[in-house]
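Heads up, the thing below is written out as structure tokens.
All heavy atoms count here, side chains included; hydrogens, waters and symmetry mates do not. Along the sequence shown, the residues carry numbers beginning at 1.
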Amino acid sequence: MFTDEYFMKMALQEAQSAFEKDEVPIGCVIVGNNRVIAKAHNLTEALNDVTAHAEMQAITAAANFLGGKYLQNCTMYVTLEPCVMCAGALNWSQISKVVIGARDEQRGFINKALTLHPKTEIVLGVLENECSIIVKEFFKSKR
């Protein structure tokens, strides 16, 4: 049986890919029917695009895979709490579930009093330590 931890480990692999490319190490996986339909990591530096967050890349890939803009019956696994831009896109996508590794107290959507689609389930803290460490290591290396 596939677990939230199983898919979050895949998202962490995406975050590691971002880290190796000198991108902020956030990874994302979207699953439908226990099948990975999209994987992505931040590409803001490579694409010179502030909107190229892991979540945005994964939403686009999943929508293309499904042939439609709604991600109902899908789950997103993301290593860091989405920002307000990504939360807005998730809201519009009507995704069924979002599993978040680590919280982002400063830039995450939760402290901004934003919500996702009313039917979207949110799960916090899956592999939180691992998800937090990779981001902290990245920014420590930048100082």
Side-chain angles (χ1 to χ4, degrees), residues 2-34 36-66 68-143:
F2 297 113
T3 63
D4 287 345
E5 290 79 11
Y6 175 85
F7 290 116
M8 188 61 78
K9 285 180 183 176
M10 294 178 97
L12 274 165
Q13 290 173 342
E14 287 295 313
Q16 184 61 42
S17 293
F19 190 100
E20 291 166 6
K21 295 175 183 174
D22 205 31
E23 298 273 1
V24 176
I26 298 169
C28 186
V29 172
I30 296 180
V31 175
N33 297 319
N34 279 326
V36 174
I37 61 171
K39 294 192 289 187
H41 54 269
N42 273 4
L43 291 172
T44 58
E45 300 301 324
L47 299 178
N48 199 29
D49 180 356
V50 297
T51 69
H53 290 193
E55 301 95 326
M56 301 297 278
Q57 301 297 309
I59 289 167
T60 299
N64 286 337
F65 178 86
L66 295 172
K69 60 185 176 183
Y70 297 117
L71 302 181
Q72 295 157 334
N73 302 314
C74 294
T75 300
M76 174 182 280
Y77 296 88
V78 62
T79 58
L80 190 67
E81 177 185 341
C83 70
V84 295
M85 173 185 68
C86 294
L90 286 165
N91 184 0
W92 286 109
S93 79
Q94 299 181 20
I95 196 159
S96 297
K97 183 177 175 183
V98 177
V99 179
I100 299 168
R103 291 284 314 275
D104 185 345
E105 300 290 336
Q106 291 180 334
R107 294 181 178 245
F109 78 96
I110 294 172
N111 285 352
K112 307 292 189 219
L114 293 174
T115 58
L116 300 183
H117 190 271
K119 294 182 180 177
T120 301
E121 175 188 356
I122 300 172
V123 176
L124 298 171
V126 175
L127 299 182
E128 182 176 9
N129 192 46
E130 295 92 326
C131 292
S132 178
I133 286 172
I134 192 168
V135 174
K136 288 177 182 173
E137 285 180 5
F138 177 80
F139 286 109
K140 185 178 177 184
S141 73
K142 295 293 177 193
R143 291 186 192 116

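- Looking at every heavy atom in both residues, C74 comes nearest to I37 through SG-CD1, 3.9 Å.
- Atoms NE2 and CD1, from H41 and I26 in turn, are 11.5 Å apart once rounded to the nearest 0.5 Å.
- F65 has its side chain out of reach of V36: every pair of non-hydrogen atoms, C-beta onward, lies at least 4.5 Å apart.
- A distance of 14.0 Å separates CD1 in I30 from NZ in K97, rounded to the nearest 0.5 Å.
- Within the 4.5 Å cutoff, the side chain of L127 has heavy atoms near those of the K9 side chain.
- More than 12 non-hydrogen atoms from other residues, nucleotides or ligands lie less than 6.0 angstrom from CG of D49.
- Closest approach of A87 to L116, counting heavy atoms only: O-CD2, 3.5 Å.
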Do any side-chain atoms of residues 99-115 form donor-acceptor pairs under 3.5 angstrom with protein atoms, and if so which ones, sequence neighbours left out?
from: R103; atom 1: NE; to: E81; atom 2: OE1; distance (Å): 2.6
from: R103; atom 1: NH2; to: N111; atom 2: OD1; distance (Å): 3.1
from: D104; atom 1: OD1; to: Q106; atom 2: N; distance (Å): 3.3
from: D104; atom 1: OD1; to: R107; atom 2: N; distance (Å): 3.0
from: E105; atom 1: OE1; to: N111; atom 2: ND2; distance (Å): 2.9
from: N111; atom 1: ND2; to: E105; atom 2: O; distance (Å): 3.2
from: K112; atom 1: NZ; to: Q106; atom 2: O; distance (Å): 2.8

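- Remark: Q16 pairs with E20 by the side chain to side chain donor-acceptor pair (under 3.5 Å) rule, at least two apart or across chains.
- Between the side chain of T75 and the main chain of V31, no donor-acceptor pair closer than 3.5 Å is present.
- A 6.0 Å sphere centred on CG of N48 holds no more than 12 heavy atoms belonging to other residues, nucleotides or ligands.
- Residues T44 and H53 form a side-chain contact, since some pair of their non-hydrogen atoms from C-beta on lies under 4.5 Å apart.
- Here the CD-NZ distance, from E14 to K39, works out to 5.5 Å after rounding to the nearest 0.5 Å.
- Within the 3.5 Å criterion, the main-chain N or O of I95 finds a donor-acceptor partner in the side chain of T120.
- In this structure, C131 and V126 approach most closely via the heavy-atom pair SG-O, 4.0 Å.
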Pair up each side-chain donor or acceptor in residues 55-64 with any protein partner under 3.5 Å, not counting sequence neighbours, and list the distances.
from: T60; atom 1: OG1; to: M56; atom 2: O; distance (Å): 3.1
from: N64; atom 1: ND2; to: T60; atom 2: O; distance (Å): 3.3

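- Judged purely by atom type and a 3.5 angstrom limit, N42 uses its side chain to pair as donor or acceptor with the backbone of A54.
- Here the side chains of M8 and E130 are not in contact, with every heavy-atom distance at 4.5 Å or above.
- In this structure, F138 and F19 have perpendicular ring planes: the angle between them is above 60°, well past the 30° mark.
- One finds the CZ atom of F7 at 5.0 Å from the CG atom of N34 (value rounded to the nearest 0.5 Å).
- With hydrogens and angles disregarded, a donor-acceptor distance shorter than 3.5 Å links the side chain of E23 to the backbone of A46.
- To the nearest 0.5 Å, atom SG of residue C86 and atom CG of residue L80 are 10.0 Å apart.
- The shortest distance between side-chain heavy atoms of C28 and M76 falls below 4.5 Å.
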